[in-house]
Amino acid sequence: MMLTFSWVAVVVIVITSVGLLLARDWRSSIILLAVQYVAMFTLCLSHMPLGMASVKVVSGWMSAATLGMTRSSLSTPDIDEENNWPRGISFRLFAAGMVGIIVAGAAPRVNLMMADAGTAVTTGSLLLIGMGLLHLGLTANILRVTISLMTILSGFEILYAAVEGSVLVTALLATIILGLALVGAYLMLAANAEETEETESV
Amino acid sequence: MNAPIIWIVFPAAFAILLLPLRNQRALSILGGGLAVALALIAQFVPIEVAMLIGPLSLKIDSTLSVLGRALIIQPTEGPLLALIYGAASLWFFGAEASKTAPRIVPLGLIITALMVASIAVQPFLFAALFIEMAVLLSIPLLTSLYSPPGRGVIRFLIYQTLAMPFILLAGWLLVGVEASPGDLALAAQSATMLGLGFAFLLAIFPLYNWVPMLMEESPPFIAGFLLWLLPTITIIFGAGFIDHYSWLRSSPQLIVALRSAGLLMIVTGGLFAAFQRHLGRIMAYGVIAETGFAILALSLDSRLGIPILFLLIPARALSLAVWSLSLTIIKEHTETMRFRESRGILRIAPFAATGILLATLSTAAFPLLAGFPAKLALWEGLSRASLTAALWMGVGIVGLLISAFRSLAVVSMAEEYTSWEPRESLMQMLMLGLGVIGLFLLGVFPQTIQFFLFNLPAMFEHLGR
C-alpha cells in the first residue's frame, strides 16, 4: 500500500515540478509548490514517523504561504522570461525530459548508495533535485529562485530522511526552509522597493 | 553554568535585545564589549574545571543537550572561541565608524553565535545546517529593504545553500567509507560530494564569481565581516572532517586536491586583483587569495600546516577589518569605488587610503605587516614540499602586490595644486589608526599572538600532532 502511495507521490512530483518550470503565473507556482510538499510528505513517510514527516509538510506550506502573501502584496506583473531564447515552453519541456531520463538512469544506483531507501523515494528525490537545479539555471526572478531552492532542498530532505532520523536535523531543516522563504520574501520586497516608495509617495 | 549557553545562547539572546536599538555608539560599545568579554572568558576561564570563588564553586559544563543531540564546547576549544569573539569585536567596535552598527551588531552577533554552534554541534557534520542558518541571516545584513538586491547577493544565497545538501550527504557516506575502507567507489563518491560541498561553501574556483559582485553591491564593512567569518569557520569545519576520518587524513589525493585548489585561488585571486579597476573588487580577490592561503596551509604536513592555519586567522581578520572599514569611508566620499572616481582620494580620506594600501600589502605578505609571518612560513613549508607550487604562490603574491601599487597610484593621483581636505571623522581616524598599528604589531612581533594560538591545535584529535 505504502509503495503504491509512494509511486503516486512520484507522479505528483513529476506534474508539480514540470508545472513549476512552465508556470507563468505566481499563483499557480505557489499552489504547485504546496502540492509538491504533500508528495514530499508521502515519500518521507516511508522512513519517518508521521509526526516528523508532518513537520516537513507544515513548514513547507507555511513557507509557500509566506511567499504567496508577500507576492500578492506586490503589484508588479510576473517577469516574462518566455521571450528569451532558449527559454520557451518547448525548450523547458525538452530540458525536463532530459532531467527525467538522467534520473531514471541514476535512481537505481543512488538507491543502492543510500542504504536501499526505495526506488520510488530515490526517484522522487532525484526528480526534485534535478528539476530544481534546472529551474535555478533558467531564472533570475527572486520568487522562482526561492521556489527552486526549496524544491532542491525538498528532494534532499526526502533522501536524507532515509538515512538520518534525528529530531534535531528535522527541526533545523524545517527552520531553514522557513528561513529561506522569509529571505525570499525579504528579497522580493527589496526588489520592489522603488515601486513601494512610489506608491507610498502617491 | 554551561559553555554552549554562554557562547551561543546568551550572545544570540543579547543580540535580539539589541535589535530595536538605533544608537550607533551604544550598539557598537555593547556589541564590542560583549564580544571582548566572551573572548576573555573563553581564554582565561577553563571549561569543565571547578573553580572556587570565595564560598562559591563554579564550573562551566561543556555539554548542552538539544532535541536528542548535543552542543559540546570542548575545553580545548576555548582559545578558538577567544579568537572568534575577539576578531568579531573588531567589527563591532568599528561599526560606529562605518555607520552600520544597527545592522551588523545584532545580526552579526547572532551569526557569530550560529557559527560557534556549528563548531559545537555533535555529530559535527550537522554544522552545515548551522552554517546555512547563518547564511540566511546574512541576507538582511547584506541588502537593505529599500534597494533592489544585486546579483551577487542572490548568487551568494544559491551557492551557499547548495553546499549544505552535499556536505550532509558526504558526511553520511563517509561513515560508510570508514566502515568499509576497501570500497573505492564509495570513497570516490563521498570525496566528490565533500569536495563539491566545500567548493560551494568556500567559494573555490570557479565558484567565486559572487564574491566580487558582493563587494561591488553591498556595504563593504558588512561584506568584509561575512567574508572573514564564514570562510574561517568553514575552514575549521573542513579541518575537522580531515581530523575525523583517518582514510581522508592519509589520502595523498586529498593533499594534491587541497594544494591545487589553494594555488588556483591564490594565483587567480592575485592575477585578477592585479587587473581590476575597482577598489572593492580588489578586496574581493584579496579575500579569495586569503582563502587560498588557508587551504594551502591544510595541504602541508599537519604539524606545520595547522599552526600556520591558525596564524593566518588573526592576520586575515585584522587586514579585512581595516580594508573593509577603509572602503566604507572611501565610499562615503565617492560615487563608486571605481578607479575613475577614487582618484586623489588620499587627500580627502588619508587614513582610509593608507588603510587600503596596508591591508592589501598585508594580504600580499609584505614584510613588517600582519600577513607576512604566516605566509612566509607557508611559503617556506610549501617550497620544501614542491618548488613549483611555491613558484605559483609567488605568482599570486606578485599579482596582489601589483594591485596594491595600482591602488596606491590611483588614490594618490590628484590634480596638481589640489589641497588636503581630510573629511574623516575622529572615530574613523581612531579606528583605522588602531587597526594600522595592529597590522604592524602582528607583522613585527608575531610572537605576541602566540599566547592565544599556542594551544589551538589541541582542539583536533590527530591534526597538528
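Just so it is clear, the model here is predicted, and its values are computed rather than measured. Below, chains carry the letters A, B, ... as their sequence lines are ordered, and counting in each starts from 1.
- A distance-only check finds no donor-acceptor pair linking the side chain of A/Y160 to the backbone of B/P165 [under 3.5 Å].
- Interface residue A/I142: only side-chain heavy atoms are found under 4.5 Å from chain B.
- Of all heavy-atom pairs between B/M164 and A/F156, the closest is CE-CE2, 4.4 Å.
- The contact between A/V169 and chain B is made by backbone and side chain atoms together, counting heavy-atom distances below 4.5 Å.
- When heavy atoms are compared at a cutoff of 4.5 Å, A/I152 approaches chain B solely by way of its side chain, counted from C-beta outward.
- When every heavy atom of B/L136 is checked against every heavy atom of A/I176, the shortest pair comes out as CD1-O, 3.5 Å.
- Going from atom CE of B/M133 over to atom CG of A/L173 covers 10.0 Å, rounded to the nearest 0.5 Å.
- Residues of residues 113-129 of chain B having a heavy atom under 4.5 Å from any heavy atom of chain A, listed by number: B/V121, B/L125, B/F126, B/L129.
- Considering CG of B/L162 and CG of A/L133, their distance stands at 6.5 Å, rounded to 0.5 Å.
- For chain B, no part of A/E157 is nearby; none of its heavy atoms comes within less than 4.5 Å.
- With a threshold of 4.5 angstrom between heavy atoms, B/L173 approaches chain A through side-chain atoms but not through N, CA, C or O.
- Atom CG of A/N141 sits about 9.5 Å away from atom CD1 of B/I154, to the nearest 0.5 Å.
- Using a 4.5 Å cut-off between heavy atoms, A/L136 touches chain B through its side chain atoms alone.
- Residue A/L149 touches chain B through its side chain alone, counting heavy-atom pairs closer than 4.5 Å.
- Going from atom CE of A/M113 over to atom CE of B/M193 covers 4.5 Å, rounded to the nearest 0.5 Å.
- Within the model, atoms CG of B/L67 and CG of A/L172 stand 8.0 Å from one another, a figure rounded to the nearest 0.5 Å.
- Taken from CG in B/L169 to CD in A/E164, the straight-line distance is 11.0 Å, to the nearest 0.5 Å.
- By the 6.0 Å contact criterion, CH2 on A/W61 is open, its count of non-hydrogen atoms from other residues, nucleotides or ligands being 12 or less.
- Heavy-atom contacts from other residues, nucleotides or ligands closer than 6.0 Å to OH of A/Y186 number more than 12.
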